[in-house]
Participant: 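For reference, the structure I am asking about is given below.
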Amino acid sequence: MDIRYTVGKNEYKRMTTEELRNEFLVANLFGKDKVTLVYCEVERAIVGSAVPAKKTLELKAGKEMAADYFCERRELGVINIGGAGTIVVDGKKYPMANRDCLYVGRGAKKIVFASASAAK
């Protein structure tokens, strides 16, 4: 998990365009067959992606979260911007078409993403 720390309000004034991009731009978010997460300390939010192509992907809590599972102390909102697939939350399957959204409540222990087609 990439962790982005707070930049002080006076630091912004002295930063170059390149420094601002390095601090705030989230690049390379959508890697095939991997989960990519970026934690933003300012908002205490995690932005990420799961791109299951040839294999299923489980959303796990990294050591940075100090939690046993991802939704132990947080909720999750998922928006499918890819092809059709499924999200399995604690054994219950949710089919997801393009532009479908899913809310996963706090306490959900196992979250798995799968694609209906590796090509899409």
Participant: Is a side-chain N or O of S49 found less than 3.5 angstrom from the main chain of L29, in a donor-acceptor match?
Facilitator: yes
Participant: Considering non-hydrogen atoms only, spot the tightest contact between L57 and P52 and give its length.
Facilitator: CD1-N, 3.5 Å
Participant: Would you give the length of the straight line joining atom NZ of K60 to atom NZ of K109, rounded to the nearest 0.5 angstrom?
Facilitator: 15.5 Å
Participant: How close do A61 and D68 get, heavy atom to heavy atom, and via which atoms?
Facilitator: CB-C, 4.3 Å
Participant: Might you point out which heavy atoms bring C71 and A108 nearest each other, and give the distance in Å?
Facilitator: CB-O, 3.4 Å
Participant: Which heavy atom of R73 sits nearest to which heavy atom of A66, and what is that distance?
Facilitator: NH2-O, 2.9 Å
Participant: Could you state whether L37 and Y39 fall into the same hydrophobic cluster, counting links through intermediate Ile, Leu, Val, Met, Phe, Trp or Tyr residues with side-chain heavy atoms under 4.5 angstrom apart?
Facilitator: yes
Participant: For residues V104 and Y94: do they belong to one hydrophobic cluster (side chain heavy atoms under 4.5 Å, members Ile, Leu, Val, Met, Phe, Trp, Tyr)?
Facilitator: yes
Participant: Counting C-beta onward and ignoring hydrogens, is there a side-chain heavy-atom pair between V51 and T36 closer than 4.5 Å?
Facilitator: no
Participant: Is Y69 close to D90 at the side-chain level, that is, under 4.5 Å between some pair of heavy atoms?
Facilitator: no
Participant: For a quick test of your reading: what N or O donor-acceptor pairs under 3.5 Å do the side chains of residues 74-84 make, sequence neighbours left out?
Facilitator:
residue, atom, partner, partner atom, Å
E75, OE2, Y103, OH, 2.7
N80, OD1, G82, N, 2.8
N80, ND2, G83, O, 2.9
N80, ND2, M96, O, 3.4
N80, ND2, A97, O, 3.1

Participant: Restricting to non-hydrogen atoms, name the atom on T86 and the atom on P95 that form the minimum distance, rounded to 0.1 Å.
Facilitator: CG2-CA, 4.0 Å
Participant: So I46 and M65, do their side chains get closer than 4.5 Å, heavy atoms only?
Facilitator: yes
Participant: Minimum heavy-atom separation for D33 to K55, with atom names?
Facilitator: OD1-N, 3.3 Å
Participant: Decide whether F113 and L102 are clustered together by the hydrophobic rule: side chain heavy atoms of Ile, Leu, Val, Met, Phe, Trp, Tyr closer than 4.5 Å, transitively.
Facilitator: yes
Participant: When rounded to the nearest 0.5 angstrom, what distance separates OG1 in T17 from CE in M15?
Facilitator: 10.0 Å
